[in-house]
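Keep in mind that the numbers below use all heavy atoms, side chains included, and drop hydrogens, waters and symmetry copies.
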Amino acid sequence: MKNYLNTLIEKGYSVAENYLNADEVTFWQNKWNDIQKSALLEEYGIKQANKNNNMPNYNIVYKEDNNYVWKSTGKIIQTNEGKKLVEKILNEFVPINANIKFMYDKFMNQKPGYQGHAPHQDNAVGKNEYHTNKLYSAYISLSDTDEESGCLWVENTYPKRTESLKYCDTGCVAGNECFCSNIKLLPTDMNKWKGHDLIPIPLKKGDCVFFDGWALHGTAANLSENIRQTMIFHCGVM
């Protein structure tokens with residue numbers, strides 16, 4: 001088994017450097033323009049946090065501010081190149097679970113000043129049909145990212161977390177308002193999030209982060225002048 005998969009099993013996340021080569025990165029950067037034109041870009045439902053839900057008092061970013069992450073879902077898999085990439089990712093997870101299947105993809109485009117996502121666990125968010133205790137994700141960066149540009153933050157814990165922290169269970173998984181995508185967080189907020197040891201994962205173009213559904217992770221606002229582009233593939237045992 002590859003070293004980064006061993007780390008994934010032990011810590012709940014791992015980094016594979018140069019997962020895509022330079023030509024593949026360029027291809028997907030260019031492909032994004034075509035995908036964006038054909039995608040129905042999903043506007044996150046921005047709602048005021050329910051004060052009775054014990055949510056932190058952060059600055060809520062309202063829809064009229066036009067300050068949210070754009071994402072297209074299900075568009076990458078519709079391309080031949082996307083199908084090949086999904087097959088490659090699924091083969092990575094076979095040593096962990098031979099029954100893992102592709103679920104859905106996202107192509108995310110975080111412009112300068114746009115919010116990220118508050119720390120959450122994928123097993124505890126999303127549509128009910130996607131809710132599984134055996135969810136794995138591949139997070140491929142198409143741009144160089146660091147703390148300023150809103151890089152991924154992941155809880156640094158050993159052994160890995162194997163249960164819900166119940167931060168999202170009462171949100172979108174229950175059909176209620178989403179609390180992880182309507183908050184604008186700074187890197188200092190991520191670093192001290194609810195007392196967890198979250199660390200930034202700076203990435204180069206083509207690097208990939210693998211993590212399982214219980215890994216606590218999130219992204220801060222993009223404070224740089226560059227667009228942060230990411231492809232995310234969710235896989236799971238249903």
Exercise for review: Show the numbers, then the answer: is there a side-chain contact (heavy atoms from CB on, under 4.5 Å) between Arg228 and Tyr114?
Suggested key: CA-CA 10 Å; Arg228 185 176 70 87; Tyr114 278 38; over 6 Å; no

Can you name the salt bridge (Lys or Arg N to Asp or Glu O under 4.0 Å) partners of [X], sequence neighbours left out?
| X | result |
| --- | --- |
| Glu92 | Lys2 |
| Glu163 | Arg161 |
| Lys160 | Asp212 |

For the side chain of [X] and the backbone of [Y], is there at least one donor-acceptor N/O pair under 3.5 Å apart?
| X | Y | answer |
| --- | --- | --- |
| Asp197 | Glu155 | no |
| Gln29 | Leu142 | yes |
| Gln110 | Cys151 | no |

For residues 20-27, dump all side-chain donor-acceptor pairs below 3.5 Å to protein atoms at least two apart in sequence or in another chain.
residue: Asn21; atom: OD1; partner: Asp23; partner atom: N; Å: 3.1
residue: Asn21; atom: OD1; partner: Glu24; partner atom: N; Å: 2.8
residue: Glu24; atom: OE1; partner: Asn21; partner atom: N; Å: 2.8
residue: Thr26; atom: OG1; partner: Ala22; partner atom: O; Å: 3.1

How long is the span from the [atom1] atom in [X] to the [atom2] atom in [Y], to the nearest 0.5 Å?
| X | Y | atom1 | atom2 | answer |
| --- | --- | --- | --- | --- |
| Lys106 | Thr230 | NZ | OG1 | 11.0 Å |
| Asn123 | Thr162 | CG | OG1 | 10.5 Å |
| Ile76 | Trp32 | CD1 | CH2 | 8.5 Å |
| Ser137 | Ile232 | OG | CD1 | 7.5 Å |
| Phe107 | Phe233 | CZ | CZ | 8.5 Å |
| His217 | Gln121 | NE2 | CD | 9.0 Å |

Practice item. Given side-chain contact (heavy atoms from CB on, under 4.5 Å), test Leu165 with Lys194 step by step and report yes or no. Key: CA-CA 11 Å; Leu165 291 165; Lys194 296 182 182 293; over 6 Å; no

Does [X] belong to the same Ile/Leu/Val/Met/Phe/Trp/Tyr cluster as [Y], with side-chain heavy atoms less than 4.5 Å apart forming each link?
| X | Y | result |
| --- | --- | --- |
| Phe93 | Ile77 | yes |
| Val209 | Ile199 | yes |
| Leu5 | Val237 | yes |

Over all heavy atoms of both residues, which pair between [X] and [Y] is shortest? Give the atoms and the distance, please.
| X | Y | result |
| --- | --- | --- |
| Lys101 | Leu90 | C-CD2, 3.7 Å |
| Leu198 | Pro119 | CD1-CG, 3.7 Å |
| Ile140 | Cys208 | CG1-SG, 3.7 Å |

The criterion is side chain to side chain donor-acceptor pair (under 3.5 Å); which residues satisfy it with [X], sequence neighbours excluded?
| X | value |
| --- | --- |
| Ser141 | none |
| Asp105 | none |
| Asp146 | Ser149 |
| Asn222 | Ser224 |

Check your understanding: Which pairs, with at least one residue in residues 144-164 and sequence neighbours excluded, count as a ring pair (Phe, Tyr, Trp, His ring centres under 6.0 Å)?
Key ->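 Listed once each, the pairs would be none.
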
Exercise for review: Check whether any side-chain heavy atom of Ile227 lies under 4.5 Å from a side-chain heavy atom of Pro112, and answer yes or no.
Suggested key: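 Touching, per the 4.5 Å side-chain cut-off.
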
Review point. Hey, does Lys31 have a side-chain heavy atom less than 4.5 Å from the side chain of Met231?
Key: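 In short, these two side chains do not touch, never coming nearer than 4.5 Å.
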
Donor-acceptor pairs under 3.5 angstrom involving side-chain atoms of residues 82-89: please list them, not counting sequence neighbours.
residue: Lys88; atom: NZ; partner: Tyr19; partner atom: O; Å: 2.9

Do any side-chain atoms of residues 7-17 form donor-acceptor pairs under 3.5 angstrom with protein atoms, and if so which ones, sequence neighbours left out?
residue: Thr7; atom: OG1; partner: Asn3; partner atom: O; Å: 3.2
residue: Lys11; atom: NZ; partner: Asn156; partner atom: OD1; Å: 2.8
residue: Ser14; atom: OG; partner: Tyr4; partner atom: O; Å: 2.6

Check your understanding: Which is it for Tyr139 and Thr219 under the side-chain contact (heavy atoms from CB on, under 4.5 Å) test, yes or no, and what are the steps along the way?
Key -> CA-CA 12 Å; Tyr139 179 102; Thr219 53; 3.8 Å; yes

Review point. With sequence neighbours excluded, what pairs up with His234 under the ring pair (Phe, Tyr, Trp, His ring centres under 6.0 Å) test?
Key: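 Once residues adjacent in sequence are excluded, the partners of His234 under the ring pair (Phe, Tyr, Trp, His ring centres under 6.0 Å) criterion are Tyr104.
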
